[in-house]
Amino acid sequence: MQIPDKNGIMDINSISTLLSEQIKRLLNFEKCEIAFSGLQSSVLNIEDKELRTFYILVIELLEKLNEANEFIERLANGELDVAIPRNNLIISPFKQLHSNLSHMVWQVQRISEGDLNQKIDFLGDFSHYFNKMIDVLKERQRIEAELAISERKYRLLAENITDVIWILNLTKKQYTYISPSVKNLTGFTVGEAKNQSLEESLSPQSAEMVKEIMSESVKNFFKNSVDESLRLNDLQQICKNGKYIWIEANTKLQRNIDGELEVLGVSRNAEKRKADEQKLRDNELRLNELNKTKDKFISILAHDLKSPFSALLAFSQLLLDDFDNYDKEEIREMIETINITSKNTYFFLEELLEWAKIQRENFSFNPGNIFLASTINECILLLSNLSDAKGIHVHNTVPDNICIFADGDILKTIFRNLITNAIKFTPVCGHINISARTTQSMLQVDVCDTGIGMDVDTIESLFKIGETRSTEGTKGERGTGFGLLLCKEFVEKHGGEIWVESELGKGTVFSFTMPLCE
Amino acid sequence: MKQDNYLFKWSDIGDINEGRPNLGPNTPVAVYRLMQYTMRSVLNREFGAEKSSGLFYKSGYIAGKEFCSNLLDTQLEFYDFIAQLQKTLKDLNIGILRVEKSNLETMDMTITVAEDLDCSGLPITNEAVCDYDEGFIAGILNHYTGSKFSVKEIDCWSNGERICRFQIKMV
């Protein structure tokens, strides 16, 4: 350190020594000190102009070098926020480097925020690899965007279909994916369903069946390295409420990215299919039963039609062969028999035709409000010749004001049949009583007679198509055997029911219900 | 050509392709600088350096607005717009624009222009000369954002720097 004089001015030797020390410090990469008190004024005090200019430039150079050293050192340490020295040409290339690095930092910041529109066109090979990296990132971004779109599309599909898509990892023996639709199918959430094992998710029989089939399928997969889709029908899957539902599944074996074998499956609710199959089976049984009944019915019909024709043929043949040998009375009796038989057969055919119409639902049905008592009275009057012939008293105790909702013609047919039946099976001087009572919205009508009654077998055969038979009345009256069948069909058409209560020797009560008037 | 009421329109440049079928649209940078610096010399003498600098800023500002309006897509997001601006400036050999700092919240930025059309290679005079560029950048940003910007050149080739550095602040 040079000592200035009393005015603080150094001589030229002191100035030279001081500056030399500082230059040495700079050369040794040390920070030099040039802001000495009195240095500037000492230099300006030098008389020799050229020497003075030289020393001023040396000091300026030292200042610039010092500034440059500090800047470069901080730049080397990566401090890009370092203040940039102005008017210092010595470090121009470093300032350019600083600028480039600052821009690069900004670019990397932009890249970190997802902006891949950054290219570097300085820094030689670094630029080449940096730009290559950007291209790779852009390609990856493009692929990721495409994958995201694809993933979104398939997720949407998986989340909205009713079928359940699942993946069962055979190595880990657990479901690795189940689509949300499992909730609708079984009530289990995706998490709950994934926690189930194969055995827990299916009924024991179904699980056993799947394991057997899968085992075979896996063998083929290893053997041929080809997997064909496998359809698993009639599996029972457990639901959250503890019940089983029928499902069917399509499956395919595949390897995941870790090379583990897994089953990709799509399950579907098969309850409706199973129910439809059961319905088909039930219908088949019912149709077979119906077919048998029809066969029996046709056989009875043929028999019932054949009998009157036998009589007709026999009597007409007698008349043809021996007409002249019979007297008038005998001929009249035979013609009367032919006439009655023909009438009965015609009536039988009419009823058969009526019944057939109902079966084809090809008859007119026009219900309306009808006063019951008057309808019954009409029928009693119509059949009075039959009841009078046997001295049977037919009583109508139905109040005049009772009104029902029914088809008038059909109602008359019902009463005609039931009253005719009662007259037929009631001995001479018997009684028939017709009454009615209200039960909720329906009216129950009872046709009660003091007739011969029926045994249990006869009662059970009534109203059955394959069991129709005509029985003679107490006075040998004939019937068609179809009357009760018609009554049943007609009552049911009105939404009512018909039934019979009877005991041998104690009479019979036929009851049916009809809706009350609206 | 209109007088001093800033009614310049892009179309005032004329149809260069039609007018210069053989010589084409390009000319050496020296020709551009010949015009700018002779004009600057006259303006300096007539109005003084400060006034002259202000006139160049205003001219640059109008040029920036027209440039943005006619050559740039202003519907882009900010950083996409900057990328587009960088590319356009480079394609037109105006300069290499680089961003050193940006803050979208305050809209403060520090940018540099290397190989600048106006100043790169000029003698060092210790005076920043890119006042036209300052106005040009301010005009572009004003047209793009609708906001006013102050653009100040803090480093310039003629100050002895290798690049021109501009500090941008929203007013």
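Order of the sequence lines sets the chain letters (A, B, ...), proteins ahead of strands, with each chain counted from 1.
- Heavy atoms from other residues, nucleotides or ligands lying under 6.0 Å from CZ of R155(A) number 12 at most.
- No part of I111(B) comes within reach of chain A, as not one of its non-hydrogen atoms sits under 4.5 angstrom from that chain.
- The contact between K90(B) and chain A is made entirely by side chain atoms (from C-beta outward), counting heavy-atom distances below 4.5 Å.
- When the shell of 6.0 Å around OH of Y154(A) is examined, it contains 12 or fewer heavy atoms from other residues, nucleotides or ligands.
- With 3.5 Å as the limit, one finds no donor-acceptor pair spanning the side chains of E161(B) and S92(A).
- Chosen from R162(B), E77(B), K87(B), the residue pairing most often with chain A at heavy-atom distances under 4.5 Å is R162(B).
- Of the listed residues (T112(B), D80(B), V99(B)), the one with the most heavy-atom contacts under 4.5 Å to chain A is V99(B).
- Counted within 6.0 Å of CD on E127(B), heavy atoms from surrounding residues, nucleotides or ligands total 12 or fewer; the atom is thus considered open.
- For Q86(B), the part lying under 4.5 angstrom from a heavy atom of chain A is the side chain only.
- For R140(A), the CZ atom is loosely surrounded, since the number of other residues' heavy atoms within 6.0 Å does not exceed 12.
- Taking CD1 of I124(B) as the start and CG of L89(A) as the end, the distance is 4.5 Å to the nearest 0.5 Å.
- Judged purely by atom type and a 3.5 angstrom limit, H103(A) has no side-chain atom pairing as donor or acceptor with the backbone of E100(B).
- Counting heavy atoms from C-beta on, the side chains of S99(A) and R98(B) never come closer than 4.5 Å.
- Annotation for Y129(A): atom OH does not count as buried by contact number, only 12 or fewer foreign heavy atoms lying within 6.0 Å.
- For E115(B), the CD atom sits in a loose shell: 12 or fewer heavy atoms of surrounding residues, nucleotides or ligands are nearer than 6.0 Å.
- Heavy atoms of T110(B) lying under 4.5 Å from chain A are absent altogether.
- Contact annotation for L80(A): neither backbone nor side-chain heavy atoms come within less than 4.5 Å of a heavy atom of chain B.
- Within a 6.0 Å radius of CD in E18(B), no more than 12 heavy atoms belonging to other residues, nucleotides or ligands are found.
- Here the closest non-hydrogen pair linking N159(B) and N87(A) is O-OD1, 3.4 Å.
- To the nearest 0.5 Å, the span separating CG on N100(A) from CD1 on I163(B) amounts to 8.5 Å.
- With a 4.5 Å cut-off on non-hydrogen atoms, R110(A) touches chain B through its side chain but not through its backbone.
- Annotation for Y177(A): atom OH counts as buried by contact number, over 12 foreign heavy atoms lying within 6.0 Å.
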